[in-house]
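Right, one structure below, let's go through it.
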Amino acid sequence: MKKHNFSAGPCILPEEVLKQASEAIVNFNNDDLSLIEISHRSAPFVEVIEKGRRLALEHLNLLNKGYKALFLQGGASTQFLMTAYNFLSKKAAYLNTGTWSTKAIKEARLFGDLIEVASSKDKNFTYIPKEYTVPNDVDFFHCTSNNTIYGTQMKTFPETNVPLICDMSSDIFSRQLDFSKFDLIYAGAQKNMGPAGTTLVVIKEDLLERICREVPSMLSYKVHVERDSMFNTPSVFAVYVSMLTLDWLKGLGGVSFIEDVNKKKAKLLYDEIDRNPLFKGIVSKEDRSTMNATFTIVNEDLQSRFDSMWKEANISGINGHRSVGGYRASMYNALPLYSVQALVDVMKELERKA
Ligand SMILES: *Cc1c(COP(=O)(O)O)cnc(C)c1O
């Protein structure tokens with residue numbers, strides 16, 4: 001039986017997507033060739049990537065609204081530098097909500113001045129700063145919508161008149177937002193969209209006019225937009241599986257449907273964390289992520305017992321990140337509600353036996 005997979009990333013993917021993907025490895029489109037041994041410029045693959053690009057915009061409600069979707073490589077980590085390389089001419093503003101924001105800030109410093117408008121480092125990133133203003137004279141504002149490691153999530157975004165750039169790696173397609181507020185969104189596929197190996201970039205075409213310096217082709221948004229995400233060989237397998245996952249999501253009813261499911265899953269787990277005296281949440285309640293729930297066990301003597309119980313229950317991937325400790329249950333789109341119920345049942349059982 002498939003394990004209840006709470007892995008923080010690479011993440012759980014839908015069974016039917018995995019099945020289709022494995023078939024395509026052997027025989028794609030009944031053409032007696034593998035998906036990964038045909039030209040990326042062949043009609044069947046162009047159809048795949050175009051469908052993926054369209055579905056991404058559709059799910060974000062950005063189709064025909066002046067945006068382009070790209071499947072790039074190098075992970076979200078390359079976007080840390082690419083955003084700054086293209087758009088940081090003098091000064092940019094960053095909100096620091098964790099490890100990934102900190103890394104984005106480090107890369108951007110290579111290209112210009114940085115203003116950290118606020119940081120939650122003082123409390124090991126267990127909350128989202130709210131009292132800050134974004135200056136009007138910066139090239140852009142950058143934030144991280146969901147902090148995968150700590151389990152915090154931005155529920156609102158600042159009103160600004162500067163371009164808004166957001167790392168949505170770990171909560172893209174998980175909830176509805178007014179995505180037209182954003183000028184550039186990026187997300188490594190492996191958190192909520194597909195396998196590792198491709199990064200989704202959604203960019204407002206107007207933003208391309210703000211490119212501020214000569215940029216090498218592979219790092220230029222303009223080049224990738226002009227070449228329809230085919231400047232070089234895309235990671236065909238990762239793009240294909242991402243497209244299948246986006247299509248699976250559409251079949252379910254899209255982001256509005258999955259948002260409801262995600263809320264149910266998060267409520268089920270957080271309610272138990274709050275109710276069960278053996279457990280304690282790590283981050284401030286109002287900032288809790290619907291994707292990654294972090295918690296500790298109050299009495300550490302019970303830890304090894306709990307660990308063997310959840311392993312026994314066929315649960316996988318809830319060990320906390322080394323910089324936070326405790327436990328982290330990641331509840332990405334493809335994780336079924338019954339998996340969260342299985343974890344909650346183990347938590348209740350521990351309470352009964354302790
Ligand atoms: C995992 C993660 C990253 C890093 O992604 P890579 O694809 O490994 O470069 C960046 N930002 C967030 C929010 C993440 O969760």
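The figures that follow rest on heavy atoms only: side chains count, while hydrogens, waters and symmetry mates do not. We count ligands from 1, going down the list as the structure has it; atoms in each ligand are counted the same way.
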(Q) I'd like to know whether the aromatic ring centres of Phe6 and Tyr327 sit less than 6.0 Å apart in this structure. (A)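 Ring-ring flag for Phe6/Tyr327: false, centres at least 6.0 Å apart.
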
Q: Run the ring-centre check on Tyr240 versus Phe28 and record whether the distance is less than 6.0 Å.
A: yes

Q. Under 4.0 Å from ligand 1, counting heavy atoms only, is it the side chain of Lys103, its backbone, both or neither?
A.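 For Lys103, there is no contact with ligand 1 at all, from either part.
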
**Q.** Per-residue contact class, Phe80 against ligand 1 - non-hydrogen pairs under 4.0 Å
**A.** side chain

Q: Would you mind running through ligand 1 and noting each atom that sits below 4.0 Å from a heavy atom of Gln190?
A: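 Contacts of ligand 1 toward Gln190, numbered from 1: 5 (O), 6 (P), 7 (O), 8 (O).
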
Q. Gly75 heavy atoms, cut-off 4.0 Å: which ligand 1 atoms fall inside?
A.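 Atoms satisfying the 4.0 Å criterion: 7 (O), 9 (O).
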
Q) Under 3.5 Å, is there a donor-acceptor pair linking the side chains of Ser174 and Asn192? A) no

Q | Residues Ser289 and Tyr150: side-chain donor-acceptor under 3.5 angstrom | A |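 Ser289 vs Tyr150: no donor-acceptor pair found between side chains.
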
Can you tell me the protein heavy atom closest to [atom] and the distance?
atom	answer
atom 5 (O) of ligand 1	Ala76 CB, 3.5 Å
atom 14 (C) of ligand 1	Lys191 NZ, 3.0 Å
atom 15 (O) of ligand 1	Thr148 OG1, 2.4 Å
atom 4 (C) of ligand 1	Trp100 CZ3, 3.5 Å
atom 9 (O) of ligand 1	Ser77 OG, 2.6 Å

Q.
Regarding Lys155 and Glu286, does a basic nitrogen lie under 4.0 Å from an acidic carboxylate oxygen?
A.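 The answer is no: the pair does not qualify as a salt bridge.
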
Q: Measure up the Tyr186 and His142 rings against each other and bin them: parallel (under 30°), tilted (30 to 60°), perpendicular (over 60°).
A: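 The arrangement is tilted - the two ring planes meet at 30° to 60°.
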
Q) Taking atom CZ of Arg275 as the centre, does the number of heavy atoms from other residues, nucleotides or ligands within less than 6.0 Å exceed 12? A) yes

Q | Nearest candidate to atom 11 (N) of ligand 1, where distance is taken over non-hydrogen atoms, out of Asn146, Asp167, Asn292 | A | Asp167

